[in-house]
Amino acid sequence: RFLGPLCGPIATQGRSHKGWRSPIFVGAALCRDTRAQPSPEIASQGLRYAIIRAFFRGYTRMLNGLWLGFFLVATVSALAQWLVGGNAGIFAAMVESIFAMAKLSVEVMVLLFGTLTLWLGFLKIAEKAGIVEWLAKVLGPLFARLMPEVPPGHPALGLITMNFAANGLGLDNAATPIGLKAMRALQELNPSSTTASNAQILFLVLNASSLTLLPVTIFMYRAQQGAPDPTMVFLPILLATSVSTLVGLLSVAVMQRLRLWDPVVLAYFIPGALLLGGFMAFLGTLSAAALASLSSILGNLTLFGVIMLFLVIGAMRRVKVYEAFVEGAKEGFDVAKNLLPYLVAMLVAVGVLRASGALELALDGIRHAVNWMGLDTRFVEGLPTALVKPFSGSAARAMLIETMQTQGVDSFPALVAATIQGSTETTFYVLAVYFGAVGIQRVRHAVGCALLAEFSGVIAAIFICYWFFA
């Protein structure tokens, strides 16, 4: 589908191109005549396809290993409990967990269908009303300073700002294709075809830092598990994701020696820092109960206010809001139905791991280490989400749901896990998608900076949850 249109259909000519699966023959196999040499453009597309396939093959192997590893570790743990501990009922508990988690997957999907359909409907109105483009214009001058090698007015700057605006609003479906276009535009300015440029690294690290203003999916999972107030984690997620994004930006700035004292950059950062600092000082005067209450009020007010803002601006821009909503809602339905197999796979694997006692054994080891350092251990039960998040979003989602099931949706570990899930990103997946799309093989300091931002988000989420909920 990706490369076929370059040279026209081959199958209709009745030719069989032996060995087409090899990357060397990708370009040549697309030609109308196997005796013809592929043009440089076709050969380049073929090489790019091969690199993308290699990236995703490696990522798929990693997911396969992670998923299979859950079952293998659970089996070893169950055998040890049976043969050494004499627990003959362990396998019955594991089988029961398999069917219980499969049932839970369907229950989660019922609410997921409704939530995604609803939210993507409203986001389609925002998209058609030009809100994303307006945010891109506001952020454009900042990214022009942070990426000095990108010429002023280059299309990449507009695409980058649109990508971040879409991510902040929760427009994941729009953000990813815009981000891929931005990465290709940056690659046009890259003097190397295989080594990441400074601008590409900054763009990827900021994407991997998971700056999200409206964590609607976290609210949805909490609502499905029976939380009386699903938006209670709104402020903790907002603060934690701000920390991860700031650390990602500063780490790249140090590596690339960016001029953060540029007047334009300071004009963006100083008001934001003062606003955030003043808000944090105000929060410091509140009790834990008042913090949780404020987070709930702001979460609900922000969510409903954004919906009304989309509708009002859409109506003012003469957008047919009902038709736009239905169009987006159809996309939400398509997105939701494709998630069920992944949700079932990961929830069942995590359930077996928990029922076998292996997960609890690993957490006991971490708990003893934390206790030895004289620290509180209540957050340890929420760590499984953090441990798998860099590798797999579906595994982290399953860990979050499983933690809410076993500990209680408003328990401290569940609140920690929800905050971590909302303030971190699947770093290795982002690397595979964005760099694989343009054939980048040497990523330089991108992995280190992205993982540092991820780690900072986890640590910030833990401390902020103690501040709000402990």
Side-chain angles (χ1 to χ4, degrees), residues 21 51-85 87-109 112 208 221 337-366 380-406 417 420-421 424-433 435-436 447 450-451 454-455 458:
R21 291 183 180 274
I51 293 172
I52 293 172
R53 193 173 62 178
F55 263 91
F56 277 97
R57 187 187 297 121
Y59 182 72
T60 303
R61 283 201 191 111
M62 181 176 66
L63 282 184
N64 284 332
L66 181 68
W67 191 71
L68 179 61
F70 284 168
F71 283 97
L72 293 178
V73 170
T75 302
V76 172
S77 175
L79 287 173
Q81 290 201 47
W82 176 39
L83 298 176
V84 179
N87 183 4
I90 186 67
F91 291 102
M94 291 169 66
V95 171
E96 182 183 353
S97 175
I98 289 175
F99 291 106
M101 285 300 172
K103 178 183 176 183
L104 176 62
S105 303
V106 177
E107 293 172 353
V108 170
M109 282 302 303
L112 187 61
Y221 292 130
K337 71 180 183 183
N338 292 328
L339 290 176
L340 181 58
Y342 304 99
L343 193 60
V344 171
M346 284 301 178
L347 269 179
V348 167
V350 170
V352 168
L353 194 67
R354 169 78 73 174
S356 71
L359 184 59
E360 191 60 35
L361 185 64
L363 293 179
D364 279 341
I366 298 175
V380 174
E381 292 289 345
L383 283 185
T385 299
L387 296 177
V388 300
K389 185 63 183 285
F391 307 99
S392 169
S394 55
R397 188 185 307 117
M399 289 291 188
L400 168 63
I401 294 171
E402 198 272 343
T403 301
M404 290 191 289
Q405 278 270 302
T406 56
I420 290 173
Q421 175 76 356
T424 55
E425 186 55 273
T426 49
T427 301
F428 292 105
Y429 176 76
V430 173
L431 282 165
V433 170
F435 280 151
V447 175
L451 289 178
E454 180 105 10
F455 178 73
V458 172

Does this structure show an ion pair linking Lys389 with Glu425, if we count only N-O contacts that are shorter than 4.0 Å?
no
Side chains of Leu353 and Phe70, heavy atoms from C-beta outward: is any pair under 4.5 Å?
yes
Hey, could you give me the CG/CZ distance between Leu347 and Arg397, rounded to the nearest 0.5 Å?
9.0 Å
Would you call Met404 and Met399 a side-chain contact if the rule is heavy atoms closer than 4.5 Å?
no
So which heavy atom on Ala417 is nearest to which on Thr385, and how close?
CB-OG1, 3.7 Å
What distance separates Thr424 OG1 from Leu451 CG, expressed to the nearest 0.5 Å?
11.5 Å
Between Leu72 and Trp67, is there a side-chain heavy-atom distance shorter than 4.5 Å?
no
Report the distance from atom OG of Ser356 to atom CG of Asn87, rounding to the nearest 0.5 Å.
11.0 Å
Do the side chains of Leu363 and Pro384 get nearer than 4.5 Å, heavy atoms only?
yes
Return the CD to CD1 distance between Gln421 and Ile401, rounded to the nearest 0.5 Å.
8.5 Å
Restricting to non-hydrogen atoms, name the atom on Val352 and the atom on Ala74 that form the minimum distance, rounded to 0.1 Å.
CG1-CB, 3.4 Å
Donor-acceptor pair, Trp82 side chain versus Ile90 backbone, under 3.5 Å?
no
Apply salt bridge (Lys or Arg N to Asp or Glu O under 4.0 Å) to Glu96 and Arg354, showing your working.
CA-CA 12 Å; Glu96 182 183 353; Arg354 169 78 73 174; over 6 Å; no
Atom OG in Ser97, atom CD in Gln405: separation rounded to 0.5 Å?
10.0 Å
Nearest non-hydrogen partners of Ala78 and Met94, listed with the distance
CB-SD, 3.4 Å
Which value, rounded to the nearest 0.5 Å, describes the distance between Leu79 atom CG and Phe91 atom CZ?
4.5 Å
Compare every heavy atom of Gly357 with every heavy atom of Ser77, then report the nearest pair and how far apart it is.
OG-C, 3.8 Å
